[in-house]
Participant: 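My questions all concern the structure below.
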Amino acid sequence: MSPVGTALAGQREARARFTPGAPGAPVIALRNVTKHYRSGGGIDDVTLEVHPGEVFGFLGPNGAGKTTTIRLLVDLIRPDRGELSIFGLDPRRDGIAVRRRIGYLPGDLVLYEKMTAGELLLHFARLRGGPGSPEIEALAEQFALDLRTPIAALSKGNKQKVGFLQAVMGTPELLVLDEPTTGLDPLVQHQAHELLRAVAGSGRTVFLSSHFLSEVQQVADRVAMIKAGRVVAVESVAGLRSRSVHLVDVRTVERLEPEAFSRLPGVGALQATDFSAHFEFAGPLDPLVRELSRLALADLSIREPDLEDVFLSYYDGHDDTAAPSPALGRAGSDGER
Amino acid sequence: MASGSPHRALRAGRGGTVFRRALSEHRLVLGGWFAGLGLYCAAMLAVFPTIHGNRAFAKLVESYPDAFRSMFAVADFTTGPGYLRGEIFSLMGPILVVLLALLWGSDLTAGEEERHTIDLLLANPVSRRRVVGEKWAAMAVGVTAVTSVFAIVPLAGNPIVHLGVGVARLLGVVVATAFTALLFGTLALAVAAATGRRGLARGVAAALAVASYLVSSLADLVSFLRPVRPLSPWYQAIGVDPLTHGFSWRLLIVVGLTAVLVAVSLATFERRDLAVS
């Protein structure tokens with residue numbers, strides 16, 4: 001970790017180039033961070049590093065500790081134990097310097113209802129010393145947001161849009177987003193994802209939480225999974241994909257020989273009838289396609305399984321933590337308690 | 001998304017932004033209080049000529065039980081200063097502005113915590129101290145502005161109803177009233193800043209305001225209250241009528257207490273986990 005003094009001295013220059021801290025130094029570093037609430041819940045021994053220019057996905061079901069971790073980063077709550085640094089600085093002692101470089105979107109977003117969208121964005125811009133109205137107007141136009149509408153009259157999706165815009169305005173070096181696309185319609189979600197990718201492309205850093213891996217995998221480079229307050233896995237999205245198998249469904253017009261598949265290397269979990277076969281296939285697809293071309297196909301589907309399943313199955317393998325919950329994600333545990 | 005001049009973004013956030021916002025979001029409320037209290041004062045003044053120098057009425061008042069007279073600061077209603085004291089400055093006026101201040105003070109941080117708007121506010125590059133400090137300053141200005149109606153209306157009405165009150169003494173009692181209100185508003189803030197709970201803050205501040213009023217007003221009659229009377233900020237600020245006796249340095253005790261409570265609020269709010277329910 002770079003000394004605080006050096007980091008502060010270099011801040012002015014670093015900011016202009018969007019290269020925070022010393023080269024290679026993590027933008028966010030948590031070491032054994034523990035935070036408990038009197039009412040229960042919290043996080044235990046969380047250790048994480050997020051690097052410059054990275055889009056880091058933070059994945060877990062509701063109540064797993066995502067929001068706790070994020071609120072620690074912006075100094076709304078303080079850790080019981082462990083070390084926390086952002087840009088090599090202490091989020092508490094150097095809070096103002098740190099937060100000047102962060103755009104934050106809370107998970108439980110509540111805006112000042114009596115202001116208009118424009119007044120609210122301008123109010124926060126004033127608190128930050130920028131940006132000015134022209135940039136705010138350009139952003140609002142890009143996201144089709146009417147700045148003159150009072151917040152109270154906005155739909156949930158449009159409120160979320162306002163929250164998203166206040167986070168990204170002023171091009172902060174680090175975006176900390178707690179479930180940023182909740183409530184956005186798919187088109188705007190797509191726009192938001194594009195913007196996040198552009199942010200990362202310009203060397204800035206994004207830390208976003210979600211309970212949908214399907215969302216995180218679209219934008220993130222790496223993913224951490226948190227469960228019951230503990231980080232159970234950190235993995236690159238590319239690594240997860242490379243480890244993934246394909247699910248193959250074949251239907252034929254002529255009777256098929258199951259041996260044709262079972263002798264192919266990489267085939268597993270084969271289930272076959274006279275006119276159909278269903279199996280998993282690992283490795284390059286070429287030998288499979290060659291084999292398939294000899295058949296009279298009625299229907300064929302080759303698809304990737306959900307990363308969620310891959311993620312979980314991978315960590316089942318070398319699992320030294322508690323038994324994994326199958327309830328993560330879309331069909332998840334949210335409403336089922 | 002084009003980055004503007006990065007140097008512009010480096011500039012510190014503009015001071016006073018939170019202060020101005022806090023005042024502007026309360027402007028309708030403040031206008032309402034000002035108008036309401038102004039009407040109350042005007043109505044009181046309109047009645048004054050009918051009892052001005054009315055001996056029969058003075059006699060009637062003298063026949064009231066002592067406890068009643070102490071509690072409601074019934075004095076010589078037939079003179080201007082006595083009338084203003086009895087009708088406005090002994091109870092009704094201070095109680096209403098104390099109410100305004102403690103509602104405001106309890107809401108200052110805890111309101112944003114309970115409404116969950118505090119996250120977005122404090123994630124900005126502003127210190128908690130600055131946020132609380134500026135919001136407190138807005139409350140001080142707002143409460144003082146509302147209290148000023150107690151000087152403005154009598155001064156405006158004086159040529160018609162002939163109160164015979166000096167401007168300096170009137171301003172003195174208005175300042176004392178405003179400072180009393182601010183003390184209890186700041187007490188509510190201190191409880192709210194330490195706990196994040198608006199209801200608790202209101203309860204504590206209101207209970208202490210009522211208790212200190214009763215100690216101040218009943219100590220003349222109840223001998224065992226007399227030793228504790230100096231502990232009542234109400235007594236120190238307005239218990240010894242500034243309208244007839246003029247400005248008292250004892251008001252500085254109230255100012256000092258308020259300053260201590262502001263410091264306590266800043267310190268406890270700085271340390272707390274926010275909006276954790």
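Keep in mind it's a predicted model, so treat the numbers as computed, not measured. Naming: A, B, ... by sequence-line order, numbering from 1 per chain.
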Participant: B/D273 and salt bridge (Lys or Arg N to Asp or Glu O under 4.0 Å): which single residue from A/K35, A/R38, A/R78, A/R92 fits?
Facilitator: A/K35
Participant: Walk me through it: do A/R204 and A/E173 pass the test salt bridge (Lys or Arg N to Asp or Glu O under 4.0 Å)?
Facilitator: CA-CA 5 Å; A/R204 293 180 283 145; A/E173 289 164 67; over 6 Å; no
Participant: Among B/R272, B/R197, B/R198, find the residue that satisfies the side chain to side chain donor-acceptor pair (under 3.5 Å) test when tested with B/E113.
Facilitator: B/R272
Participant: For the residue pair A/I28 and A/F207, establish whether any side-chain heavy-atom pair is separated by less than 4.5 Å.
Facilitator: yes
Participant: Given a strict heavy-atom distance threshold of 4.5 Å, which part of A/Y104 is in contact with chain B: side chain, backbone, both, or neither?
Facilitator: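 A/Y104 touches chain B through backbone and side-chain heavy atoms alike.
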Participant: What residue, out of A/M115, A/E113, A/Q166, has the most heavy-atom pairs lying under 4.5 Å from chain B?
Facilitator: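 Most heavy-atom pairs within the cutoff with chain B belong to A/M115.
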Participant: Strictly below 4.0 Å, N to O, side chains only: are B/R115 and B/D107 in salt-bridge contact?
Facilitator: yes
Participant: If you check every heavy atom in residues 116-124 of chain A against those of chain B, which residues fall under 4.5 Å?
Facilitator: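 Against chain B, the residues of residues 116-124 of chain A that fall inside the cut-off (heavy atoms, under 4.5 Å) are A/H123, A/F124.
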Participant: Using a cut-off of under 4.5 Å for heavy-atom pairs, which of A/D75, A/V74, A/I96, A/L73 has the most such pairs with chain B?
Facilitator: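 So the answer, after comparing A/D75, A/V74, A/I96, A/L73, is A/I96.
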Participant: I need the residue from B/V126, B/L120, B/L121 with the largest number of non-hydrogen atom pairs under 4.5 Å to chain A.
Facilitator: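 Highest number of pairs under 4.5 Å: B/L120.
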Participant: Looking at B/R128 and B/E270, is there a salt bridge between them, counting it only when a charged N and a carboxylate O are closer than 4.0 Å?
Facilitator: no
Participant: So how far is it from B/F184 CZ to B/L102 CG, rounded to the nearest 0.5 Å?
Facilitator: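 Output value for this atom pair is 9.0 Å.
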Participant: For A/R71, is it the side chain, the backbone, both, or neither that has a heavy atom closer than 4.5 Å to a heavy atom of chain B?
Facilitator: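 Side chain of A/R71 only, per the 4.5 Å heavy-atom cut-off to chain B.
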Participant: Which region of B/E25, side chain (C-beta onward) or backbone (N, CA, C, O), has a non-hydrogen atom less than 4.5 Å from a non-hydrogen atom of chain A, or is it both or neither?
Facilitator: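 Looking at B/E25, nothing touches chain A.
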Participant: Are A/D80 and A/H36 linked by a side-chain donor-acceptor pair shorter than 3.5 Å?
Facilitator: no
Participant: Please enumerate all residues that pass salt bridge (Lys or Arg N to Asp or Glu O under 4.0 Å) together with A/K66, with sequence neighbours excluded.
Facilitator: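 Here the qualifying residues are A/E179.
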